[in-house]
Structures are given as structure tokens and as C-alpha cells.
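Please find one structure pasted underneath; my questions will follow.
No experiment lies behind these values; they were computed from the predicted model shown. Order of the sequence lines sets the chain letters (A, B, ...), proteins ahead of strands, with each chain counted from 1.
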Amino acid sequence: MTLMKTALAAIAAIATSWPVLAADISGAGATFPYPVYAKWADAYKKETGIGLNYQSIGSGGGIKQIKAKTVTFGASDAPLPGKELDESGLAQFPMVMGGIVPVVNLDGIKPGDLVIDGPTLAKIYLGEIKKWDDPAIAKLNSGVKLPSSAIALVHRSDGSGTTYNFSYYLSDVSPDWKSKVGTNTAVQWPAGIGAKGNEGVAQNVGNTKGSIGYVEYAYAKQNKLTFTRMVNKAGKTVAPTAEAFQAAAANADWKSQPGYGVILANQPGDASWPMTAATWILLYKSPADPVATGEALKFFSWSYAKGADMAKDLDYVPMPAKVVGDIQKMWSTDIKDASGKPLFGMTH
Amino acid sequence: MAIAARNALYLRRRLRNTIARALAFAATAFGLGWLVLILGVLIFEGIGGLSLAVFTENTPPPGAAGGLLNAIMGSIVMTVLAIVIGTPIGVLAGTYMAEYGRHDKLASVVRFINDILLSAPSIVIGLFIYEVLVAPMGHFSGYAGSVALAVIVIPVVVRTTEDMLTLVPDTLREAAASIGLPRAHMIVRIAYRAARAGIVTGILLAIARISGETAPLLFTALNNQFFSLDMNAPVPSLPVVIFQFALSPYEEWQKLAWTGALLITVTVLALSIIARSLTARKS
Amino acid sequence: MNAGFPAIGREPLFQDARGLRVSEVTLNDSALRGAEARSRAAVLKRLRVSDLAFRGLTRGAALMVLALLSGVILALVIGSVPALKAFGFGFITSEVWNPVTEQFGALAPIYGTLVTSIIAMVIAVPVGLMIAFFLTELCPMWLRRPIAIAIELLAGIPSIIYGIWGLFVFAPFLQKYVQPALIDTFDGVPVLSSLFEGPPYGIGMLTAGFILAIMVLPFITAISRDVFDAVPPVLKEATYGLGCTTWEVFKHVILPYTRVGVLGGVMLGLGRALGETMAVTFVIGNAHKVSASILAPGTTISASIANEFTEAVGDLYTSSLIALGLILFVITFIVLAIARYMLLRIQKRAG
């Protein structure tokens with residue numbers, strides 16, 4: 001009895017007196033960039049000892065958590081409009097770019113074998129195309145043996161920036177989609193299973209024969225999923241590569257939207273990947289915890305400077321240097337503590 | 001004619017009986033078969049990932065190897081806290097019902113309510129604690145998670161305490177009264193001591209029950225990739241980590257999910273066996 | 001010091017200021033009456049205070065259990081008010097679940113909860129009763145306890161294990177072999193084909209219902225076994241004496257006699273199935289749609305809350321989820337209350 005009492009007392013003592021570890025940065029949101037954020041966090045921790053506690057719960061969750069001030073930063077691939085940023089006192093800046101790819105699970109079809117275009121993808125997700133050997137798909141894939149089985153559709157069940165970009169693209173290429181479903185982080189899907197996060201979609205498609213889903217490219221690459229090629233705005237068939245994502249991003253005018261909120265879907269250019277997307281970080285301009293925000297800014301600055309190669313390894317596209325310079329200037333002018341002192345010194 | 005008809009009826013009845021017996025047999029085999037299948041897969045998959053690293057390293061980022069140390073420690077701390085909060089309330093309430101409230105209307109109402117709380121969906125408890133603790137506090141915390149688990153502990157402990165105290169023979173109580181021992185002292189010194197094994201059983205069963213609970217922790221303690229015992233912030237726990245890892249496409253994560261599941265199941269079954277042997281020895 | 005009073009003699013509360021025990025003081029009256037009476041009174045008063053304090057403490061704890069229940073209901077109701085005000089009664093009949101236009105309807109989760117629970121009960125009740133029948137009438141004595149314990153182990157396995165097992169083992173199996181067979185068999189059959197159509201996902205309402213059945217099975221078996229054992233042997237023996245077969249004894253004597261108890265056990269299992277979260281969340285498919293086909297993905301109340309709560313943006317979304325929680329709690333409360341009441345009646349009858 002006394003042994004148990006002492007054990008209980010010891011654990012209780014540990015529990016209530018555990019010192020908060022060297023300021024872990026807390027963030028929550030998009031699953032789209034999670035693979036590269038995790039890689040950066042790992043390297044940053046090895047270098048500085050500061051950890052990143054990132055809850056990969058979807059862009060919707062990230063927006064909610066930062067608005068509720070339960071985390072230091074939020075991450076979202078659905079940019080907030082300027083009005084909302086001003087109302088909430090949030091600063092928004094893009095961290096990295098990537099591509100959304102359709103992934104399938106069909107016997108005998110290898111990555112890059114299948115070709116799909118926007119209108120067909122829209123019809124599949126509207127539930128109008130139900131079988132794999134539908135003429136619309138066959139037309140794009142002469143020479144590929146398509147089974148006559150039903151298409152098992154997978155989409156997101158949570159609020160997702162990936163969905164935002166995906167549905168934005170579908171609305172752009174399919175007026176039917178635009179009127180019936182529209183663009184947003186969570187939509188009323190006409191058919192299919194809902195999976196949680198890019199992770200959930202990747203897992204579902206990997207396990208379900210005859211399925212189709214959409215994920216950020218790193219998920220397809222890391223989990224050896226069968227991605228497809230796509231027909232872009234210029235009518236050319238492109239494969240999802242870092243070059244294709246970069247080509248789409250090349251024309252972006254980052255200053256054209258408040259908070260750099262530029263959508264890169266369906267960009268012109270022969271080599272452009274049609275579903276390229278950027279992902280943003282949300283921070284308070286006058287944060288309640290300036291120290292934590294300062295640490296977060298240091299991490300982001302480190303990631304811009306030293307994380308480019310790690311990002312490229314996972315086929316993400318780092319932000320161009322000129323934009324980074326602009327963003328960091330924004331930090332020092334906009335993000336301040338209570339006394340007006342900027343939280344980011346340009347000494348990095 | 002009559003004999004033939006009687007024979008046919010007899011054969012029909014025999015047939016029905018045989019079919020029924022076969023079905024009963026099959027049903028039992030069906031039930032046991034699933035047990036074997038589930039436990040078998042669990043052991044097979046879980047042991048594959050079992051290594052010292054599981055107990056010494058923290059949860060890894062996707063694509064890397066690691067362990068479950070932070071999740072295990074987080075679970076242990078929250079469980080202990082939940083027991084510390086829930087047991088006194090549970091034991092005292094059970095005492096009331098067994099000692100003071102034998103014919104009391106209040107006791108019978110509480111008994112009824114308690115049995116319902118015992119089987120209530122745990123996700124609703126999570127919602128309750130979110131509304132009462134997380135939202136006002138403004139952030140997720142290990143405290144909220146522990147309180148949610150404590151709310152699940154209380155009905156279990158109330159039930160077993162009441163049952164065990166009722167088993168204590170009244171002759172002991174009467175003997176105590178005859179020497180002038182006040183009720184409270186009699187309960188604490190005699191009844192508790194007599195029912196000690198049973199009450200400990202109740203606590204063990206409560207621990208077993210909350211070891212596997214995920215839903216109440218999902219939006220109270222949330223989760224944490226790092227080792228953190230700061231109860232005023234999100235705390236990792238084994239069930240929530242399993243939830244996250246199992247629904248991911250990463251192989252290392254899925255392996256850790258199975259190993260974690262095996263750890264929880266072994267803990268729960270071991271506690272149940274110990275609890276059962278404690279009460280068996282008594283009776 | 002301790003002669004004759006093993007535990008009590010050591011207790012300082014029973015001694016007055018002079019170190020005399022209460023009993024000695026009471027027997028020893030006359031000359032010292034004044035001071036002794038006062039010290040005696042002081043001791044007795046101390047005892048009474050601690051006694052009342054303890055009694056109050058236990059009473060308070062019991063009241064806390066009541067407060068807990070009321071607290072849960074209150075918190076849920078307050079949290080649901082925005083959603084209920086916005087949607088009114090239409091909340092229960094609307095299938096729309098659109099976080100963007102902030103239109104929410106509980107029809108799909110309620111439908112999924114009911115369908116999966118019904119599937120679970122349809123499978124678990126006959127199987128559970130037959131297992132109980134086996135254990136009480138047919139099983140050799142030495143095998144009874146091991147099998148009973150084994151079945152109870154099913155209840156001990158945490159639900160998240162059922163979830164991952166379902167996702168990684170059961171669902172792929174269903175997807176490869178069972179579901180295509182079901183779809184093909186019922187293809188073209190007039191009414192039933194709509195129950196079994198759609199692409200074989202592996203996960204879906206049937207999968208969730210089946211896993212719930214396995215989880216609920218031990219509850220039904222355990223309670224049925226208890227009530228079957230409580231049937232007076234004289235009834236059974238009389239029936240055997242008439243020449244009835246085991247099955248006939250079961251069907252015509254045991255089942256009718258234990259009807260209320262069995263029903264209580266079934267309701268208890270139903271309550272469990274309705275509220276189950278983790279096992280269902282993994283395999284239900286998360287589609288806010290009402291589908292005729294049980295092979296289709298759907299959602300249940302608890303799965304919706306578990307999946308969407310942390311990401312719910314906006315007060316109306318959060319409030320709708322809490323409203324779902326309230327509906328679930330009310331449903332399970334009613335079911336469990338009926339179950340408990342029935343089982344109470346059995347206990348009273350058994351005496």
C-alpha cells in the first residue's frame with residue numbers, strides 16, 4: 001500500500017512540476033505541407049534544440065485554432081481574404097508550394113500511365129462517370145487497358161485547403177461543378193468516401209482497389225501511390241514534377257492579392273501542372289505571446305534559407321528569393337509586440 | 001397410422017433439436033473464432049514492431065523510425081491523475097449507497113443514474129469536458145483529459161464499491177456498534193478493511209476501462225508529438241496516437257499503431273485478470 | 001492499554017484529557033462527575049461531528065454523481081442552442097451537411113447510427129442467445145468457465161483495437177471477397193439489389209455494423225447467461241420429464257421465463273452499439289449521405305463528432321456537432337434507462 005502511495009505521489013509530483021521544455025513552437029493546420037514541415041522541424045530541432053509541435057488537422061482546423069489563439073501559428077492552403085485578415089489582425093504569407101495530384105489504384109496501371117483532364121475529373125467527382133472504362137476516360141488513354149469495374153471515389157472528410165484548391169480547379173474547368181458544388185475547404189460531395197487529411201486519402205486509395213483520390217504530391221511519392229498525368233490549360237499532357245509545379249508558379253504575381261493569397265490552379269503555360277498550390281502561414285500581427293511568435297518567425301526564416309533542398313527532395317517548390325525578401329520585410333514592419341518593437345530582426 | 005404419425009413428429013422434433021444444438025455450437029465457435037482472429041492479428045502485427053526503441057524513443061515524424069515513449073508516459077500520467085480525482089468521489093458515493101442509503105430514495109436514484117453513466121457514450125463525456133474546461137480555459141490540456149477520464153472512472157468505482165461493501169456481513173457492523181463505535185469510524189476501520197480487495201478490484205477495472213478510451217481525449221488533451229508532461233497543454237496519449245498513426249499511409253506509423261494497440265490490450269487484459277483473481281480469492 | 005479493545009483502545013479520540021477510556025469514565029461516576037461529564041461530552045461531541053462530517057461527505061459524493069449527469073445534459077443543451085435556434089426541428093430531417101454555407105442536418109448521422117446498430121443487433125442477438133443456450137444447457141461443466149471467460153475477453157478489448165483491426169484486416173477481406181459476391185448475387189433482384197449496390201469500398205455501414213455486432217455480443221451473452229441460469233431447475237426438469245428435447249425446453253420454458261431479462265440485455269447491447277465511437281469511425285467511410293445500400297459509406301453521430309470536432313470552424317458548426325451529441329445522449333439515455341428498468345424488475349423478482 002505504501003509502495004503504491006509513494007509511486008502515486010512521485011508521478012503526481014512529476015506531473016505537476018514538469019518544466020515547460022525549451023519553447024516548443026506550436027502550430028496546427030494543413031496536411032498539404034506536413035511532410036516538408038516535419039522534415040524541417042526535425043532538422044531545426046537537431047540544430048537549435050527547439051521543437052515544432054504541429055498538429056496536422058487540416059486547413060480548416062488550422063484557421064480555427066489560430067483564431068481561437070490556441071496555437072502560435074496556423075497553416076492553411078486556403079488563403080484568407082484580405083478583409084478577414086484585417087478583421088482578425090492576422091498576417092499571412094506563403095511558405096512553400098506543391099502540386100495536387102490525382103491518385104488511382106488499378107491493377108497493372110503504374111505511376112504516370114493514366115492521363116486525366118479537368119472536365120473528366122469533375123465528372124468523376126460529380127458521380128456522373130461511374131466506371132473505369134467510361135468512354136471519356138478511354139478517350140484520353142488509348143492503349144491502356146481499363147477495367148470495367150466501378151470507380152471507388154475518395155475525398156476529404158475534414159476542412160481542407162487541398163480540397164479548396166482542388167475544387168477551385170474543378171470549378172474553373174467545369175461550369176457544372178461550379179454550379180452544383182463550388183469552391184471551398186469543405187463541400188457537399190455528391191459521392192464517395194471521406195478520409196481525414198491527405199494521410200487518410202493516401203491510405204484509403206492505397207488500400208482500395210479501383211479507387212481514385214487527390215493528394216499533395218509528396219504523399220503520392222512517399223507512399224508509392226499511382227499518380228496520373230494531366231492535361232493542362234494549354235492542352236499539353238504533363239507529369240507532376242517539381243519543374244511542372246515551378247512552371248505554374250512562374251507567372252504568379254504575389255503582390256496582387258492581400259496576404260499573398262494567389263491561387264495557382266489552372267495556370268497557363270505548356271509545362272504548367274494544372275493543380276499547383278501554395279500554402280500559407282497565419283500569425284497574429286500583435287500576438288499575445290510575442291516570444292513564441294518570435295521563435296516561430298526564426299524557424300520560418302531558417303526554413304526559407306536552409307530548407308530549400310529538403311523541400312525539393314519531396315518535390316515541393318521553395319518560394320523564390322525575391323518573394324522571401326518581401327515577406328521578411330513585411331514581418332519587420334507588421335509583426336510587432338505590445339511596445340511596437342518588431343519581432344523579427346533582419347539579422348538572420 | 002397413429003404410430004407413423006407419432007414417429008414423424010418425433011423425428012421432426014429430434015431434427016429441430018439437432019439443428020438447434022448445431023447452431024448453438026456454431027454460434028459459440030463463431031464468437032470464439034472472432035476472438036482468436038482479432039487477438040491473433042493483434043499479437044502478430046504488434047510483436048513485429050515491439051522493440052526497446054518503442055519504450056525509449058518518442059513518436060517520430062512521418063517516414064522516420066521511433067517509439068511511443070511520450071504517448072505511454074502521457075497516458076500513465078493522465079490515468080494516474082484520473083484515478084486520483086475519480087476514486088475518492090467514487091468510493092465515497094458507493095459508501096453512501098451501501099452504508100447510509102440502503103433504504104434511501106436518493107440512493108436508488110443515484111444507483112440508477114450511475115448505471116446509465118456507466119454505459120454512456122464516452123464521446124459525450126468528451127464534449128461535456130470541452131464545454132466545461134477546454135473552452136473556458138481557451139486551450140487543450142492534460143488536466144481536461146484527466147478530468148474526462150475521471151468522469152468515466154467514477155461510475156465504475158461507485159458500482160464496485162457499493163457491491164463490495166454490501167457483501168461485508170452485517171454482523172461485523174453490529175459488533176462494532178455494540179462497542180460504541182460511531183458509524184463513520186466503523187465504516188472506515190472495519191468495512192473498508194474488509195472490502196479492501198474488492199475496492200482495489202474496482203480501481204483496477206477502472207484503470208482497464210480508461211486505458212483504451214480514445215474519444216474523450218480527442219478534444220480535451222488533444223495530442224503532442226513531443227515528450228511533454230506539462231498538464232496545462234496538449235498531452236500525448238497512446239490511444240490518440242494510435243488513432244492518428246493508424247489512419248496514416250506511413251508504414252512506420254502503422255507498425256507503431258499496432259504495437260501500441262498490443263500494449264494497451266495486454267495492459268487491459270492483465271488488469272482484468274488481476275482484478276478477477278483478487279475477487280476470486282475472496283469468495 | 002489495549003486490553004480487550006483491539007482497534008479501538010489505541011484511538012486517542014476515545015480518551016479524555018486524563019487518558020482514561022470513555023468506558024472507564026462512564027462506569028466511574030460519583031465524585032468526579034462534573035469534570036468527567038464535561039470531558040465525556042467533549043469526546044462524544046467530537047465523535048458526533050466526525051460522524052456527521054463523514055456522512056455529509058459521502059452524501060455529497062453521491063449527489064455529485066447526480067450533478068455529473070445534470071451537468072452533462074446542461075452543457076450539451078447550452079452548447080446546442082445556437083444550432084437548434086438556427087435550424088429548429090428541421091435539423092433532424094435535413095440531410096444537408098455543408099460547412100461552407102453553414103447548413104447542417106442530422107439526418108445522415110442519425111440514419112447511419114440506427115442502421116449500423118440495427119445490423120449489429122440482427123447479428124448479435126441470435127448469436128448471443130445461442131451462445132448463452134450453449135453455455136447453460138449444452139456445454140460440459142469443465143468447459144463452461146473457460147469459454148465464458150473467452151467470450152468476456154471480447155468485451156475487454158478496447159474499441160480502438162476493433163477499429164484498426166476492422167480497417168486493416170476485416171475491410172480488405174470484405175472488399176476482396178464478400179462485397180463483390182454480395183453485389184453480384186443481388187444484382188437485378190427487385191428490391192434487395194438497392195440494399196447491396198455500389199462500388200466495393202470495403203468500409204461502409206455493413207462493415208461498421210458487423211464490427212459492432214462482435215463488440216456487443218459479449219454483453220448479450222453475459223446477461224442472457226445470467227438470466228438463463230436463474231431459471232428454477234424444477235421448471236426445466238419438469239419439462240424434461242415430459243420428454244421435451246433440449247431445444248424445446250429452451251424455446252418454450254427458458255426463453256419465455258427470462259423474456260424480460262433477455263430484452264434488458266438486448267437493450268443494453270443496443271445502448272452500447274448506439275454510442276460506440278472508435279470502432280465505427282475507422283470503418284464507416286465518413287460520407288454525410290443517406291444511402292439505401294448498406295455497402296455504401298455513411299456516418300454515425302459519434303463518428304461525425306470524432307472526425308470533425310477539432311476542425312469545426314464557426315460557432316454554428318461546433319454547435320451542430322454538440323447538438324448531435326445531445327441527440328445521441330438522449331437516445332442512449334432512453335435505451336439504457338429502459339434496459340436498467342427491465343433488469344431491475346428481474347432482480348426484484350429473483351428476490
Practice task
Identify whether the distance between the nearest side-chain nitrogen and carboxylate oxygen of C:Glu276 and C:Arg272 falls below 4.0 Å.
Solution key: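 Counted as a salt bridge, because a side-chain N and a carboxylate O are separated by less than 4.0 Å.
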
Exercise for the section: Examine C:Tyr341 together with B:Phe112 and report whether their ring centres are nearer than 6.0 Å. Expected result: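 No, they do not, as the ring centres are separated by 6.0 Å or more.
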
Handout entry: Part of B:Val91 within contact of chain C (heavy atom distance under 4.5 Å)
Key =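 Contact with chain C: none, neither part.
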
Handout entry: C:Tyr162 ring center within less than 6.0 Å of B:Trp34 ring center
Key =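 No - the distance between ring centres of B:Trp34 and C:Tyr162 does not fall below the 6.0 Å cut-off.
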
Practice task
For C:Thr113 and C:Ile301, indicate whether the former's side chain and the latter's backbone hold a donor-acceptor pair under 3.5 Å.
Solution key: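 Side chain of C:Thr113 to backbone of C:Ile301: a pair is present.
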
Problem - Residue, of C:Val127, C:Leu68, C:Leu135, C:Ile161, that accumulates the most heavy atom pairs under 4.5 Å with chain B - result: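 Counting heavy-atom pairs under 4.5 Å, the top option is C:Ile161.
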
Practice task
Evaluate the criterion salt bridge (charged side-chain N to carboxylate O under 4.0 Å, His left out) for residue pair C:Glu152 and B:Arg276; output intermediate values, then yes/no.
Solution key: CA-CA 12 Å; C:Glu152 272 171 33; B:Arg276 195 188 292 275; 3.3 Å; yes

Practice task
For C:Arg48, look at atom CZ and say whether over 12 heavy atoms of other residues, nucleotides or ligands are found less than 6.0 Å away.
Solution key: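 Count not over threshold, so no.
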
Handout entry: Under 4.5 Å from any heavy atom of chain C - which part of B:Gln254
Key =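 Just the side chain, heavy atoms under 4.5 Å.
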
Handout entry: Contacting moiety of C:Leu154, where chain B heavy atoms sit under 4.5 Å
Key =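 Answer is both: backbone and side chain atoms of C:Leu154 are under 4.5 Å from chain B.
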
Handout entry: Residue among C:Phe133, C:Phe54, C:Trp165 with most heavy-atom pairs under 4.5 Å to chain B
Key =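 It is C:Trp165.
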
Practice task
Check each atom of B:Ala208 against the heavy atoms of chain C and say whether the ones under 4.5 Å are side chain, backbone, both or neither.
Solution key: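 The answer is neither part of B:Ala208.
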
Practice task
Measure B:Leu37 against the heavy atoms of chain C and call it side chain, backbone, both or neither at under 4.5 Å.
Solution key: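 Backbone plus side chain of B:Leu37, per the 4.5 Å heavy-atom cut-off to chain C.
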
Handout entry: Near-ring test B:Trp258/B:Phe245, centroid separation under 6.0 angstrom
Key =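 No - the distance between ring centres of B:Phe245 and B:Trp258 does not fall below the 6.0 Å cut-off.
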
Handout entry: Contacting region of B:Tyr130 [heavy-atom separation from chain C under 4.5 Å]
Key =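 The side chain, not the backbone.
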
Problem - N-O pairing of B:Arg13 and C:Glu248 below 4.0 Å - result: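 Between C:Glu248 and B:Arg13 there is a salt bridge, with a charged N closer than 4.0 Å to a carboxylate O.
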
Handout entry: chain C contact via B:Thr28 - side chain, backbone, both or neither, heavy atoms under 4.5 Å
Key =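 Both backbone and side chain.
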
Practice task
Check each atom of B:Leu35 against the heavy atoms of chain C and say whether the ones under 4.5 Å are side chain, backbone, both or neither.
Solution key: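 For B:Leu35, heavy atoms of backbone and side chain both lie under 4.5 Å from chain C.
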
Handout entry: C:Leu76 versus chain B, the contacting section by heavy-atom distance below 4.5 Å
Key =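 The answer is the side chain of C:Leu76.
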
Problem - Winner by heavy-atom pair count (cut-off under 4.5 Å) against chain C, out of B:Leu106, B:Ile154, B:Asp104 - result: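 Among B:Leu106, B:Ile154, B:Asp104, the one with the most close pairs to chain C is B:Leu106.
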
